[in-house]
Amino acid sequence: MQVAVVTFDGFNELDSFIASALINRCRGDGLEAFVTTPTPVVTSMNGVEVTGQRPMEFVTEADVVLIGSGVRTREVVADDRLVSTLGLDPSRQLIGAQCSGALVLARLGLLGDMPVCTDRKSRPFVEACGVTVLDVPFHAEGDIATAGGCLASQYLATWVITRTLGEDTARGVLDYVAPVGENRETVERALRAVHMGETALR
């Protein structure tokens, strides 16, 4: 199973790298993430240059697509050519968005009346699209999920791992990366956020 972590110019390093790093701890179980970019090299909001591992066309074949956020997301959604490369299909893909990535889901018409999570700076722009924003870090309905706040990217990764490989695998990954002495609370917090985000509006 392959995961496209969509990463645009001006990206937030925490969003792309945390999700990729956690998911790639599952390579041995057949789940692998790739930083997917519209150009060979993209530059983060803090000036870090990253070479993409896959071109944007990869999103159409990936089993999971996670759309990261950044300071240029509004430029992304205004670029018809770039948006046209994001041929996502929730009937066969798990799709997630981090913070301002919710703007991309709205632009693609994937949300319907689904509420989302996003960060405080992106919230007014997401609401201007007619989308309801929740005051929680994670929310999922069916095969679409959103996370709000940079460190909530761990919840998006937890959702992906749980949905594809099961909760036990997610527990193992979270336990490994947790701060020493905080293993149990780290694991339980992430899983609780995901479970609550999936059941909140049922």
Engineer: I need the Trp159 CH2 to Thr164 OG1 distance, nearest 0.5 Å.
Structural biologist: 9.5 Å
Engineer: Hey, quick one: are Leu66 and Val173 part of the same hydrophobic cluster, counting side-chain heavy atoms closer than 4.5 Å, chains of contacts allowed?
Structural biologist: yes
Engineer: Does Asn24 reach the main-chain N or O of Ser20 with its side chain, forming a donor-acceptor pair under 3.5 Å?
Structural biologist: yes
Engineer: Does one side chain, of Ser44 or Glu13, offer a donor that lies under 3.5 Å from an acceptor on the other?
Structural biologist: yes
Engineer: Any donor and acceptor pair, going by atom type alone, linking the side chain of Ser122 with main-chain N or O of Asp119 inside 3.5 Å?
Structural biologist: no
Engineer: Hydrogens and angles aside, do Asn183 and Thr186 bring a side-chain donor and acceptor to less than 3.5 Å of each other?
Structural biologist: no
Engineer: Which atom names give the shortest non-hydrogen contact between Tyr155 and Ala190, and what distance separates them?
Structural biologist: CE2-CA, 3.5 Å
Engineer: Does Glu188 use its side chain to pair, donor to acceptor, with the backbone of Arg184 at less than 3.5 Å?
Structural biologist: no
Engineer: Strictly below 4.0 Å, N to O, side chains only: are Arg92 and Asp143 in salt-bridge contact?
Structural biologist: no
Engineer: Using only atom types and a distance under 3.5 Å, with no angle test, would you say the side chain of Gln93 pairs donor to acceptor with the backbone of Val59?
Structural biologist: yes
Engineer: First locate atom OG of Ser16, then atom CD of Gln98, and finally report the distance between them rounded to the nearest 0.5 Å.
Structural biologist: 9.0 Å
Engineer: Test side-chain contact (heavy atoms from CB on, under 4.5 Å) on Phe34 and Val5; report intermediate values, then the result.
Structural biologist: CA-CA 6 Å; Phe34 301 91; Val5 180; over 6 Å; no
Engineer: Between the main-chain N or O of Leu151 and the side-chain N or O of Gln154, is there a donor-acceptor pair closer than 3.5 Å?
Structural biologist: yes
Engineer: Could you state the interatomic distance from CG (Asp168) to CD1 (Ile161), rounded to the nearest 0.5 Å?
Structural biologist: 12.5 Å
Engineer: Taking all non-hydrogen atoms of both residues, which atom of Thr36 and which atom of Met56 are closest, and how far apart?
Structural biologist: CG2-CA, 3.9 Å
Engineer: Should Val177 and Val3 be regarded as members of a common hydrophobic cluster, given that ILVMFWY residues are connected when their side-chain heavy atoms come within less than 4.5 Å of each other, either directly or indirectly?
Structural biologist: yes
Engineer: Restricting to non-hydrogen atoms, name the atom on Cys26 and the atom on Leu165 that form the minimum distance, rounded to 0.1 Å.
Structural biologist: CB-CD1, 3.7 Å
Engineer: Check whether the side chains of Thr7 and Thr37 place a donor and an acceptor atom closer than 3.5 Å, and report yes or no.
Structural biologist: no
Engineer: What is the minimum heavy-atom distance between Ala147 and Ala152, and which atoms define it?
Structural biologist: CB-O, 3.7 Å
Engineer: Under a 3.5 Å distance rule, please check whether Thr162 uses its side chain to pair with a backbone N or O of Thr158 as donor and acceptor.
Structural biologist: yes
Engineer: Heavy-atom distance under 4.5 Å between the side chains of Cys117 and Val133, does that happen here?
Structural biologist: no
Engineer: Measure the spacing between CD of Gln53 and CZ of Phe58 and express it to the nearest 0.5 Å.
Structural biologist: 9.5 Å
Engineer: Take Thr146 and Phe138 through the side-chain contact (heavy atoms from CB on, under 4.5 Å) test and state the conclusion after the steps.
Structural biologist: CA-CA 6 Å; Thr146 57; Phe138 177 85; over 6 Å; no
Engineer: Is it the case that the side chains of Ser69 and Asn12 hold a donor-acceptor pair, with the cut-off being a distance below 3.5 Å and no angle test?
Structural biologist: no
Engineer: How many angstroms lie between CD1 in Ile67 and CG in Leu105, if you round to the nearest 0.5 Å?
Structural biologist: 4.5 Å
Engineer: Any non-hydrogen side-chain atom of Arg171 less than 4.5 Å from a side-chain atom of Leu191?
Structural biologist: yes
Engineer: Considering non-hydrogen atoms only, spot the tightest contact between Ala102 and Ala97 and give its length.
Structural biologist: N-CB, 3.7 Å
Engineer: Should the pair Asp135-Arg120 be classified as a salt bridge under the 4.0 Å nitrogen-to-oxygen rule?
Structural biologist: no
Engineer: Can you name the nearest heavy-atom pair linking Met1 to Asp63, along with the distance?
Structural biologist: CA-OD2, 3.2 Å
Engineer: In Å, rounded to the nearest 0.5 Å, how long is the span from CG of Leu134 to CE of Met114?
Structural biologist: 8.5 Å
Engineer: Could you check whether Arg107 pairs with Asp80 (Lys NZ or Arg NE/NH1/NH2 to Asp/Glu carboxylate O, under 4.0 Å)?
Structural biologist: yes
Engineer: Are Leu103 and Leu86 linked, directly or through intermediate hydrophobic residues, by side-chain heavy-atom contacts shorter than 4.5 Å (ILVMFWY only)?
Structural biologist: yes
Engineer: For the pair Arg163 and Glu198, evaluate side-chain contact (heavy atoms from CB on, under 4.5 Å) and give the outcome as yes or no after the intermediate values.
Structural biologist: CA-CA 11 Å; Arg163 285 291 304 272; Glu198 288 181 318; 4.1 Å; yes
Engineer: Taking Arg54 for the side chain and Val35 for the main chain, is one N or O donor matched with an acceptor at less than 3.5 Å?
Structural biologist: no
Engineer: Between Asp29 (side chain) and Leu31 (backbone), is there a donor-acceptor pair under 3.5 Å?
Structural biologist: no
Engineer: Determine whether Ile144 and Leu156 fall in the same hydrophobic cluster, where Ile, Leu, Val, Met, Phe, Trp and Tyr are linked whenever their side-chain heavy atoms lie under 4.5 Å apart.
Structural biologist: no
Engineer: Kindly determine whether Phe11 and Val71 satisfy side-chain contact (heavy atoms from CB on, under 4.5 Å), including the steps that lead there.
Structural biologist: CA-CA 6 Å; Phe11 73 94; Val71 295; over 6 Å; no
Engineer: Looking at Phe8, I'd like to know if the NZ or CZ of Arg72 sits under 6.0 Å from its six-membered ring centre while staying within 45 degrees of the ring's axis.
Structural biologist: no
Engineer: Quick one: does His139's side chain have a donor or acceptor within less than 3.5 Å of a partner on Gly197's backbone?
Structural biologist: yes
Engineer: Quick check: does any side chain N or O of Asn46 sit under 3.5 Å from a backbone N or O of Val48, one acting as donor and the other as acceptor?
Structural biologist: no
Engineer: State plainly whether one hydrophobic cluster holds both Ile18 and Val50, where clusters connect Ile, Leu, Val, Met, Phe, Trp and Tyr through side-chain heavy atoms under 4.5 angstrom apart.
Structural biologist: no
